[in-house]
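One-based numbering along the sequence shown. Computed from a prediction, not measured in an experiment: that's the story for all the values here. These values consider heavy atoms only, across backbone and side chains, with no hydrogens, waters or symmetry-generated copies.
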Amino acid sequence: MMEQRAAPVDRDLVLAQLDFCREKVDALLPRFRNSFPAPSSEGLAYPAQEENFDWTTSFYSGMLWLLWEHTGDKKYLDALEPHLASFCRRVEEPGNVDTHDLGFLYSLSCGPAVLLREDGRARGCFLKAADYLLARYFPKAGIIQAWGDLNDPANRGRMIIDCLLNLPLLYQASRLTGRGEYRAAAYSHARQAQKYLVRQDDTTFHTFYMDVDTGEPRFGRTAQGYSDSSCWARGQAWGVYGFALSFHHTGDRSFLDTSCRLLDYFLARLPEDGVCYWDLCFTQGDEPRDSSSAAILCCGILELLRHLPLTHPRRGEYEAALRRIMAALARDYTTRDTPRADGLLLHGVYSKPDGIGVDECMIWGDYYYMEALFRLLYGTCAYWI
């Protein structure tokens, strides 16, 4: 068991919510022994994906790792075995590696096996994933391309705000191997994201295109936000968390400052209960909320609080916001009173413009809610640092 630390949210609430999470995940263990929950639920039930092809397949693995750390119960390691084998096959064969989301995928599957259990095969697969991610780096543009064939004109030179959460794979690979090129690519991408994805008003583009041959910036737009000029809530939450993580790995103070700026904007756009709409251009009305963005944001705030001095002028405000959002999620957004639901959090949004996963459970929302609870109890989460 890890050492427990004081938290800005009531400890009894955190423990009760972790018990709730354990009960919900335990009910899923038989169904997802050899398959993966789909990214979003359908009628609050997660369809099973037999193949390991999506960007979200590791979030269930991450939940199992958190529960094993929290309880020490071997059944979670047993449940992880076929999933880890699948992630190893994904890079050893390989298949479905044309994506920057290798960071999400391997930081929450093979990564904990390396960090917590010194698993040799997992280490090799973790580093293979880092190599595939590094191959997506364009030196002149200084970015990691998001998804698709690197020569596809429609995707060539596209970076997206989500990728900030993929960079820990490279930072950690550099630490494991002593090879500086991993860290250099991650640091460069974070700096370019800071320069081009973050706008002057402290909002963020979802995506931005670079000319990879000249290194010149092209244009920003959205893929899942309300408009190219709006602020997609999940993207802003990735930014808060991702820049704080890049500060941890690099010591570049500007990343911490950027994380605070994005958080300040986010907090100013929250509705009364503290749980954001799917795009921050909305602060009231009937548009869908996105509990998954709120959960990511809480993890970002917790990472920020690890680094901000006690005398930081807005620390108290950030702690109060964290209490408010976590209390609202626990009170009004969990599936505690919805036994038919597979997920942990109700009222998530995958892609509103595409009509996918609107007002459903999101598997990443479930994971980040658990991670926020885990961080509140234990102080940190080793998977990203």
With clusters defined by side-chain heavy atoms of hydrophobic residues (ILVMFWY) lying less than 4.5 Å apart, directly or transitively, does [Y] cluster with [X]?
X      : Y      : value
Met63  : Tyr46  : yes
Leu150 : Val97  : no
Ile385 : Leu305 : yes
Ile143 : Ile161 : yes
Met326 : Leu346 : no

Under the 3.5 angstrom rule, does the side chain of [X] hit a backbone N or O of [Y] as a donor-acceptor pair?
X      : Y      : result
Ser107 : Gly103 : yes
Gln194 : Ser254 : yes
Thr335 : Gly343 : yes
Ser40  : Glu360 : no
Arg306 : Gly379 : no
Thr71  : Asp73  : yes
Asp290 : Gly348 : no
Thr177 : Ala173 : yes
Asp98  : Asp149 : no
Gln145 : Phe138 : no

Above 12 or not: heavy atoms from other molecules or residues under 6.0 Å from CD of Glu317?
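Result for CD/Glu317: enclosed.
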With a sphere of 6.0 Å drawn around NZ of Lys24, does it hold more than 12 non-hydrogen atoms of other residues, nucleotides or ligands?
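More than 12 within 6.0 Å, yes.
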Within-4.5 Å side-chain heavy-atom neighbours: [X] and [Y]:
X      : Y      : value
Ile160 : Trp147 : yes
Leu66  : Tyr76  : no
Leu44  : Thr338 : yes
Arg234 : Ser292 : yes
Leu29  : Leu64  : yes
Tyr265 : Cys231 : yes
Val212 : Lys140 : no
Leu345 : Cys361 : no

Check this for me, if you would: do [X] and [Y] make a salt bridge, where the nitrogen-to-carboxylate-oxygen distance has to be below 4.0 angstrom?
X      : Y      : answer
Asp342 : Arg31  : yes
Arg191 : Asp252 : yes
Asp131 : Arg136 : no
Asp119 : Arg123 : no
Glu92  : Arg121 : yes
Lys75  : Asp26  : yes
Asp257 : Arg261 : no

State whether Trp68 and Arg117 meet the cation-pi test: NZ (Lys) or CZ (Arg) under 6.0 Å from the six-membered ring centroid, and within 45° of the perpendicular axis.
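Output yes; distance and angle both within limits.
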Can Arg183 be said to sit on top of Tyr187's aromatic six-ring, NZ or CZ under 6.0 Å from centre and within 45° of the ring axis?
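Yes, a cation-pi geometry.
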Output, in order, the C-alpha distance, side-chain angles, deciding distance and verdict of ring-ring contact (aromatic ring centres under 6.0 Å, His included) for Phe282 and Trp232.
CA-CA 10 Å; Phe282 303 108; Trp232 179 49; over 10 Å; no
Identify the two heavy atoms, one from [X] and one from [Y], that lie closest to each other, and give their separation to 0.1 Å.
X      : Y      : answer
Glu272 : Arg324 : O-NH2, 2.8 Å
Leu377 : Val14  : CB-CG1, 4.1 Å
Ala185 : Leu134 : CB-CD1, 3.6 Å
Asn155 : Gly148 : ND2-CA, 4.4 Å

Rounded distance (nearest 0.5 Å) linking atom [atom1] of [X] with atom [atom2] of [Y]:
X      : Y      : atom1 : atom2 : answer
Ile144 : Leu133 : CD1   : CG    : 4.5 Å
Leu329 : Thr334 : CG    : OG1   : 9.0 Å
Arg336 : Leu344 : CZ    : CG    : 12.5 Å
Phe266 : Ile296 : CZ    : CD1   : 8.5 Å
Leu376 : Leu13  : CG    : CG    : 8.5 Å
Glu319 : Leu308 : CD    : CG    : 9.5 Å

Output all residues satisfying side-chain hydrogen bond (donor to acceptor under 3.5 Å, both in side chains) with Tyr333, sequence neighbours left out; order by chain, then residue number.
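Checked Tyr333 against side-chain hydrogen bond (donor to acceptor under 3.5 Å, both in side chains); matches are Asp273, Arg289.
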Whether Phe59 and Tyr367 hold their rings parallel, tilted or perpendicular, with breakpoints at 30° and 60°:
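Because their plane-to-plane angle lies in the 30° to 60° range, the rings of Phe59 and Tyr367 count as tilted.
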If the test is ring-ring contact (aromatic ring centres under 6.0 Å, His included), which one of Tyr383, Trp238, Phe87 qualifies with Phe104?
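Among the candidates, only Trp238 passes.
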Please report, to 0.1 Å, the donor-acceptor pairs under 3.5 Å made by any side chain of residues 204-211, with sequence neighbours excluded.
from   : atom 1 : to     : atom 2 : distance (Å)
Thr204 : OG1    : Gln236 : OE1    : 2.7
His206 : ND1    : Ala223 : N      : 3.2
His206 : ND1    : Gln224 : N      : 3.3
Thr207 : OG1    : Arg221 : O      : 3.0
Tyr209 : OH     : Arg158 : NE     : 3.4
Tyr209 : OH     : Arg158 : NH1    : 3.3
Tyr209 : OH     : Arg158 : NH2    : 2.8
Asp211 : OD1    : Asp213 : N      : 2.9
Asp211 : OD1    : Thr214 : N      : 3.1

Is it the case that Glu371 and Trp384 place a side-chain donor and acceptor less than 3.5 Å from each other?
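The answer is yes; a qualifying pair exists.
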Is there a donor in the side chain of Arg179 and an acceptor in the side chain of Tyr182, or the other way round, less than 3.5 Å apart?
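Yes.
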Partners passing side chain to side chain contact (heavy atoms under 4.5 Å, CB included) against Ser86 (at least two apart in sequence or in another chain)
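Partners of Ser86 under the side chain to side chain contact (heavy atoms under 4.5 Å, CB included) test: Phe36, Asn52, Arg89.
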When you look at Asp279 and Lys352, which way does the salt bridge (charged side-chain N to carboxylate O under 4.0 Å, His left out) test go after all the steps?
CA-CA 9 Å; Asp279 193 293; Lys352 178 66 161 55; over 6 Å; no
Check: His307 ring centroid to Phe247 ring centroid under 6.0 Å
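So the answer is yes for these two rings.
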Looking at Trp55, Tyr369, Tyr60, which hits side chain to side chain contact (heavy atoms under 4.5 Å, CB included) with Trp364?
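Exactly one candidate clears the test, Trp55.
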